[in-house]
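Note that the coordinates shown come from a computational prediction; the quantities given were computed from them, not determined experimentally. We use all heavy atoms of the structure for the numbers below, so side chains are in, but hydrogens, waters and symmetry mates are not.
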Amino acid sequence: IKEQNKKCLLFFRLGDFYEMFFEDAITASRELEITLTGRDCGLEERAPMCGVPYHAADGYIARLVEKGYKVAICEQVEDPSTAKGIVKREIVRIVTPGTLLEGNTLKQEQNNYIVSVICRDNQFGLSVADITTGEWSATHIDSDNGVRKLLDELSRFSPSECIIDSHVYEISNVNEFISSKLNCKTEVIPDYWLDIEGAKKLLMKHFKVSGLHGVGLSEDNHLILASSSLLHYLQETQKCSLSHMNHINIYHLDAYMLLDI
């Protein structure tokens, strides 16, 4: 399970505790200031290990996410009383800064936004969501002062997490702004998410429609790729249908008076 989630700290359910092992245990012990122990694991040296009670895990997870870590939560998915051998376990959710649903780091009066940005032909597609409320919006930023407009929009939303394609990643002043000014965690979108036909199918399946005209995405590939990438990431981390995100608001920058940073 850890091999499949290398970028995450793995919270592995054992009875009434979530346990962490090896490097994850060393990291969590340091960041959470909890005791590092060990257990025999069939190797020459004991495996480093630490744990937190499952009923108090939300607070510990929120602290780790606030420090920039991703946390994969692994639960028992079959009844121990009927299981043969080791009880089957699976990742039920991956918690990231932009998908945090609970904890002290979430401010009641503020949205917790996650943003997806893609770039094609010096134009940008931007999709932004708050999964705690189901709010979801997208816009197309043209090439006329496009970078400046993008930075203004990112500043306006002040997201907790940004997922960007490789083209955006190569724009140094955008990357610098996201990391230093927004203090925001960044993930790079895998290229295979950016196949336009696959992106359309993903969105149509989510919205339960046979075409994207009624959703407002129409044939704008910038909006389609940005929104589908965001949806793909949320489905991958939340492991659920996200049925409450049943509407996407398409807005146009030239319809509003813009306030710069």
Side-chain angles (χ1 to χ4, degrees), residues 96 98-99 111-171 174 178 184 186-258:
T96 70
T99 62
N111 289 91
N112 186 39
Y113 287 119
I114 179 169
V115 167
S116 171
V117 185
I118 65 98
C119 179
R120 294 290 184 277
D121 303 319
N122 296 317
Q123 302 178 59
F124 298 96
L126 181 148
S127 190
V128 55
D130 180 345
I131 66 168
T132 63
T133 64
E135 179 183 339
W136 191 5
S137 301
T139 192
H140 182 147
I141 301 173
D142 59 33
S143 57
D144 182 23
N145 293 317
V147 171
R148 180 185 61 77
K149 292 176 183 176
L150 173 63
L151 298 185
D152 286 342
E153 283 300 282
L154 290 175
S155 177
R156 185 166 74 86
F157 287 110
S158 190
S160 301
E161 188 170 10
C162 284
I163 62 172
I164 60 177
D165 72 0
S166 57
H167 301 289
V168 178
Y169 185 78
E170 291 169 0
I171 305 174
V174 174
I178 291 173
C184 182
T186 304
E187 291 282 339
V188 178
I189 299 169
D191 289 339
Y192 69 90
W193 287 7
L194 299 171
D195 170 68
I196 189 63
E197 293 306 318
K200 290 178 181 178
K201 289 178 181 177
L202 182 70
L203 289 166
M204 287 189 290
K205 182 178 180 181
H206 174 75
F207 288 114
K208 297 181 173 63
V209 294
S210 58
L212 295 177
H213 293 279
V215 182
L217 293 171
S218 185
E219 296 301 317
D220 190 322
N221 289 352
H222 291 77
L223 296 182
I224 291 170
L225 291 175
S227 299
S228 65
S229 295
L230 182 57
L231 177 61
H232 206 137
Y233 185 76
L234 293 177
Q235 288 181 344
E236 188 177 79
T237 56
Q238 302 309 291
K239 312 292 184 184
C240 64
S241 67
L242 302 167
S243 58
H244 67 299
M245 295 179 63
N246 54 16
H247 172 75
I248 185 165
N249 173 47
I250 308 301
Y251 69 99
H252 304 279
L253 296 183
D254 57 8
Y256 299 91
M257 183 184 77
L258 299 181

Name each donor-acceptor pair under 3.5 Å that joins a side chain in residues 229-237 to protein atoms two or more places apart or in another chain, with its distance.
unit_1, atom_1, unit_2, atom_2, d
Ser229, OG, Leu225, O, 2.7
His232, NE2, Trp193, NE1, 3.2
Tyr233, OH, Glu161, OE2, 2.5
Thr237, OG1, Tyr233, O, 3.0
Thr237, OG1, Leu234, O, 3.3

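- Here the OG1-CG distance, from Thr99 to Leu242, works out to 10.0 Å after rounding to the nearest 0.5 Å.
- Using a distance-only test at 3.5 Å, with no hydrogens or angles considered, a donor-acceptor pair links the side chain of His222 to the main chain of Arg120.
- Put simply, the side chain of Glu153 does not reach to within 4.5 Å of the side chain of Val128, judged on heavy atoms.
- A distance of 13.0 Å separates CD1 of Ile171 from OH of Tyr169, quoted to the nearest 0.5 Å.
- Rounding to the nearest 0.5 Å gives a distance of 6.5 Å between OG1 of Thr132 and CG of Asn112.
- Taking all atoms of both residues into account, the shortest heavy-atom contact from Val188 to Ser166 is CG1-N, 4.3 Å.
- Side-chain N or O atoms of Asn145 include none that pairs as donor or acceptor with a backbone N or O of Arg148 at under 3.5 Å.
- In this structure, the side chain of Ser116 engages the main chain of Ala226 through a donor-acceptor pair within 3.5 Å.
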Problem - Audit row: Leu126, Leu154, side chain to side chain contact (heavy atoms under 4.5 Å, CB included) steps and yes/no - result: CA-CA 9 Å; Leu126 181 148; Leu154 290 175; 4.2 Å; yes

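- If you take OG on Ser127 and CG on Asn249, they are separated by 10.5 Å, rounding to the nearest 0.5 Å.
- For the side chain to side chain contact (heavy atoms under 4.5 Å, CB included) criterion with Tyr113, the lone passing option out of Ser137, Ser158, Pro159 is Pro159.
- The closest donor-acceptor contact from the side chain of His140 to the backbone of Ile250 lies at 3.5 Å or more, if one exists at all.
- When all heavy atoms of His244 and Thr133 are compared, the pair lying nearest together is CD2-C, 4.4 Å.
- Going from atom CG of Asp144 over to atom CG of Asn122 covers 11.5 Å, rounded to the nearest 0.5 Å.
- Between Asp152 and Arg156 there is no salt bridge, since none of the side-chain N atoms of the basic residue sits less than 4.0 Å from a carboxylate O of the acidic one.
- Summarising the geometry of Ile189 relative to Asp165, their closest heavy-atom pair is CD1-N, 3.7 Å, with the distance given to 0.1 Å.
- Evaluated for a side chain to side chain contact (heavy atoms under 4.5 Å, CB included) with Ile224, the options Val215, Ile118, Leu217 yield exactly one hit, Leu217.
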Exercise for the section: Would you check, one step at a time, whether the test side chain to side chain contact (heavy atoms under 4.5 Å, CB included) holds for Phe124 with Val147? Expected result: CA-CA 8 Å; Phe124 298 96; Val147 171; 4.0 Å; yes

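- Interatomic distance, CG of Leu151 versus CD1 of Ile178, reported as 8.0 Å (0.5 Å rounding).
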Only pairs under 3.5 Å count here: list side-chain donor-acceptor contacts from residues 198-208, not counting sequence neighbours, and write none if there are none.
unit_1, atom_1, unit_2, atom_2, d
Lys200, NZ, Glu219, OE1, 3.4
His206, NE2, Met245, O, 2.7

